[in-house]
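Computed from a predicted model, the values in this text were never measured in an experiment. Every number for a ligand or one of its atoms is a count from 1 in the order of the listing.
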Amino acid sequence: MRNLNHISLYTFTVRAIHSQVAIIGGGTAGLNVSAQLVRDGHYIPQQIRVFEPYKMHAYQTGWTLVGAGMCNVEKTMRPMEKVLPKNVCLSDCPVVRIDPEQNTIVTMDGQKYTYDQLIVASGVQRDFASIKGALEQLNNPEAPVGSIYYYRYAQKIDRMIKEFEGGKLIFSEPPSKCEGIPSNIVFLTHERLSAKNVKCDYHVYKANDSIFGIPKYSEILGELAHEKGLHCHLKKRLVEVQDHKVIFEDVETKQQYTSDYDFLHIVPPQKPAAFIAESGLGDSDGYVHVHPNTLQHVRYANVWALGDCSSLPTSKTAAAVMAQTPILIKNLIRTWKFKQSPLPEYQGYTSCPVYTSNKKVLLAEFKYNKQLDETFPVFQSSDSKVMYLLKKHFFPFAYWQLMVRGLWGGRDGIRLFKGV
Ligand SMILES: Cc1cc2nc3c(=O)[nH]c(=O)nc-3n(C[C@H](O)[C@H](O)[C@H](O)COP(=O)(O)OP(=O)(O)OC[C@H]3O[C@@H](n4cnc5c(N)ncnc54)[C@H](O)[C@@H]3O)c2cc1C
């Protein structure tokens with residue numbers, strides 16, 4: 001028998017792993033930033049670490065078309081290792097805590113990481129669970145309830161449209177991060193069912209007080225909705241889903257209304273990940289509190305954020321991410337490598353393309369303070385076939401072929417030259 005006195009006891013201390021740049025999230029923003037940092041030669045890939053728990057990268061924009069039966073879900077997903085720049089380090093455990101005073105990150109498995117610069121790009125969480133009964137109906141294959149906000153529920157929406165034989169359709173929207181996205185599935189469902197002559201009664205319930213936050217587009221979409229016989233109910237929030245019955249609440253009076261339905265599309269409320277607020281990086285709503293024009297954190301000069309998780313007061317879209325990325329990178333390099341002040345260049349540019357049918361798109365483009373910022377004004381006074389071609393065919397190509405290589409500059413076109 002072994003003599004226990006001779007056994008040496010070791011204590012294992014997990015050593016922190018250092019990266020010059022840590023990026024939390026390998027979604028649209030995390031991928032775009034890492035691709036441009038590498039492409040522009042600011043860092044060698046091995047100095048960049050991306051934290052992303054999902055094995056597959058999702059082109060979420062494509063889920064609208066999955067729901068509308070215009071695209072296979074496989075076309076909206078690619079393995080992470082195929083889209084991340086070569087040799088960038090990947091940690092596939094979710095981040096649970098950041099200590100911005102000590103420049104450290106902790107992942108769920110307890111591993112510690114340190115960084116010189118931190119970019120938070122963790123998107124938003126889709127909170128279906130906050131609507132009573134919603135998940136139960138969404139997960140029930142027999143229940144006519146779906147959503148383009150998750151790929152499985154988007155596939156369900158496609159099946160629901162195919163099988164729909166007539167009745168009352170309800171589309172619900174909470175206060176939305178991008179008001180254009182939910183309208184897509186309303187118009188595309190209308191188009192498909194009209195083509196089959198199915199007798200339908202359409203109702204759109206929005207928590208917001210207008211059809212779209214920008215008056216010009218609100219008017220255009222309002223007229224189209226009227227022409228197509230869609231009934232819009234404003235300031236109404238979905239609070240409960242039951243079998244063929246929904247309960248809405250008036251956002252001001254709190255009075256509740258009940259309605260039956262034969263088809264229900266739910267847009268989930270969206271919220272930032274809890275670790276942001278718990279790490280002291282959040283604003284009052286829990287979004288990463290960054291300067292609206294520089295994208296630098298308001299308290300920590302080496303912390304940055306972009307995309308859906310940021311406090312940037314604009315409509316949260318992939319198009320906004322494309323505009324934010326080069327500005328964030330420029331400011332990060334300026335402040336860190338050249339010890340210069342960040343430039344206040346981001347003016348809130350965002351874009352919401354809305355399919356008004358399966359032939360036309362209304363391209364809404366605007367910036368802070370609801371100001372229009374249109375690239376193709378000739379084609380943006382109404383819905384247009386040219387914008388449809390751009391949205392349906394060119395944007396997915398730009399995403400998968402140019403963006404992941406750091407070559408896509410959004411509306412600035414192809415990035416052939418270094419950004420800084
Ligand atoms: C149905 C739908 C249609 C859309 N249509 C359009 C459109 O037509 N045009 C447009 O411009 N935009 C559109 N968008 C919006 C666009 O997809 C988002 O704005 C964009 O994906 C935001 O990028 P992001 O990187 O901030 O967030 P995401 O792309 O959501 O990426 C966030 C990533 O962070 C990861 N993450 C989260 N928590 C952690 C953690 N704790 N640790 C590590 N990683 C974490 C997540 O796994 C995720 O991969 C659409 C979105 C949806 C859902």
Side-chain angles (χ1 to χ4, degrees), residues 22-34 49-68 71 76-77 80 83-84 90-98 105-109 113 119-126 146-151 153-154 157 176-185 188 265-268 270-276 278-279 287-288 305-310 312 314-325 328 349-355 361-365 387 390-392 395-396 398-399 403 410-411:
I23 304 174
I24 303 181
T28 300
L31 208 56
N32 199 32
V33 168
S34 57
R49 178 169 296 275
V50 173
F51 294 84
E52 173 55 62
Y54 284 101
K55 302 270 174 266
M56 301 293 279
H57 173 85
Y59 176 55
Q60 297 168 27
T61 300
W63 295 347
T64 302
L65 299 186
V66 171
C71 173
T76 67
M77 309 270 200
M80 267 317 289
V83 291
L84 258 192
L90 178 65
S91 292
D92 61 2
C93 198
V95 169
V96 290
R97 183 106 196 153
I98 301 163
I105 292 171
V106 180
T107 47
M108 199 181 263
D109 55 4
Y113 298 84
I119 301 170
V120 191
S122 51
V124 278
Q125 298 176 346
R126 315 240 150 89
S147 176
I148 56 168
Y149 280 74
Y150 179 55
Y151 71 96
Y153 303 149
I157 280 285
S176 181
K177 65 170 185 156
C178 175
E179 295 169 288
I181 298 167
S183 307
N184 283 297
I185 196 63
L188 288 171
H265 180 272
I266 301 176
V267 179
Q270 287 155 54
K271 60 177 191 185
F275 77 81
I276 296 170
E278 288 163 8
S279 304
Y287 291 89
V288 186
L306 79 170
D308 292 7
C309 72
S310 72
L312 300 170
T314 192
S315 217
K316 307 287 177 71
T317 64
V321 168
M322 300 305 141
Q324 293 157 8
T325 302
L328 187 154
Y349 173 80
T350 191
S351 153
C352 293
V354 182
Y355 283 94
V361 158
L362 172 69
L363 184 64
E365 282 180 300
M387 295 298 105
L390 200 68
K391 164 82 180 140
K392 170 93 187 343
F395 288 168
Y399 194 91
M403 188 281 274
R411 69 168 174 172

[X], any N or O under 3.5 Å of ligand 1 N or O:
{"X": "Thr64", "result": "no"}
{"X": "Glu52", "result": "yes"}
{"X": "Gly307", "result": "no"}
{"X": "Pro353", "result": "no"}
{"X": "Asp308", "result": "yes"}
{"X": "Tyr149", "result": "no"}
{"X": "Ala29", "result": "yes"}
{"X": "Phe275", "result": "no"}

Open item on the list: Counting only heavy atoms, tell me which of Val120, Ile105, Thr28, Val361 gets closest to atom 23 (O) of ligand 1.
Closed with: Thr28

Task: Closest to atom 12 (N) of ligand 1 (judged by heavy-atom distance), picking from Ala318, Ala154, Gly410, Gly25 - done: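 Heavy atom nearest to atom 12 (N) of ligand 1 belongs to Ala318.
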
Structural part of [X] in contact with ligand 1, heavy atom criterion under 4.0 angstrom:
{"X": "Gln60", "value": "both"}
{"X": "Thr61", "value": "both"}
{"X": "Ala273", "value": "neither"}
{"X": "Phe395", "value": "neither"}

Just which atoms of ligand 1 are under 4.0 Å from any heavy atom in [X]?
{"X": "Lys316", "value": "19 (O)"}
{"X": "Tyr54", "value": "47 (O)"}
{"X": "Gly123", "value": "26 (O), 27 (O), 32 (C)"}
{"X": "Pro53", "value": "43 (C), 44 (N), 45 (C)"}
{"X": "Ala319", "value": "11 (O)"}
{"X": "Lys391", "value": "7 (C), 8 (O)"}
{"X": "Phe51", "value": "43 (C), 44 (N)"}
{"X": "Pro94", "value": "42 (N)"}

Task: Backbone N/O of Ser315 and side chain of Thr350: donor-acceptor pair under 3.5 Å - done: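 Answer holds: yes.
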
Task: Check: Ser310 side chain, Gly307 main-chain N or O, donor-acceptor pair, under 3.5 Å - done: yes

Open item on the list: Do Tyr113 and Ser91 pair up side chain to side chain, a donor and an acceptor below 3.5 Å, judged on atom types alone?
Closed with: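 A pair is found: one side chain offers a donor N or O, the other an acceptor, under 3.5 Å apart.
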
Task: Pair Thr64, Asn184: side-chain N/O donor-acceptor within cut-off below 3.5 Å - done: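 Asn184 and Thr64 do not have a side-chain donor-acceptor pair below 3.5 Å.
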
Task: Distance under 6.0 Å and angle within 45° of ring axis: Arg411 vs Tyr349 - done: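 Cation-pi check for Arg411 and Tyr349: passes.
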
Quick one: does [X]'s side chain get under 4.5 Å of [Y]'s, heavy atoms only?
{"X": "Ser147", "Y": "His265", "result": "yes"}
{"X": "Glu52", "Y": "Ile23", "result": "no"}
{"X": "Ser122", "Y": "Ile276", "result": "yes"}

Task: Qualifying residue for side-chain contact (heavy atoms from CB on, under 4.5 Å) with Leu306, from Ile119, Thr28, Asn32 - done: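 Exactly one pass, corresponding to Ile119.
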
Task: Tyr149 and its side-chain contact (heavy atoms from CB on, under 4.5 Å) partner, picked from Ile185, Ile181, Ile266 - done: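 With Tyr149 as partner, Ile185, Ile181, Ile266 yield a single side-chain contact (heavy atoms from CB on, under 4.5 Å), made by Ile181.
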
TODO: Name the orientation class of the two ring planes belonging to Tyr399 and His57 (parallel below 30°, tilted from 30 to 60°, perpendicular beyond 60°).
DONE: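 It falls in the parallel class, under 30°.
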
TODO: Say whether His57 and ligand 1 are in contact under the criterion: heavy-atom distance to a ligand atom below 4.0 Å.
DONE: no

Task: Stepwise side chain to side chain contact (heavy atoms under 4.5 Å, CB included) test for Lys391 and Leu363 - done: CA-CA 9 Å; Lys391 164 82 180 140; Leu363 184 64; over 6 Å; no

Open item on the list: So, using side chain to side chain contact (heavy atoms under 4.5 Å, CB included) as the criterion, who are the partners of Ala274 when residues are at least two apart?
Closed with: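 If we apply the side chain to side chain contact (heavy atoms under 4.5 Å, CB included) test to Ala274, skipping adjacent residues, the hits are Glu278.
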
Task: Separation of Arg97 CZ from Met108 CE (nearest 0.5 Å) - done: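 With rounding to 0.5 Å, CE (Met108) is 14.0 Å from CZ (Arg97).
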
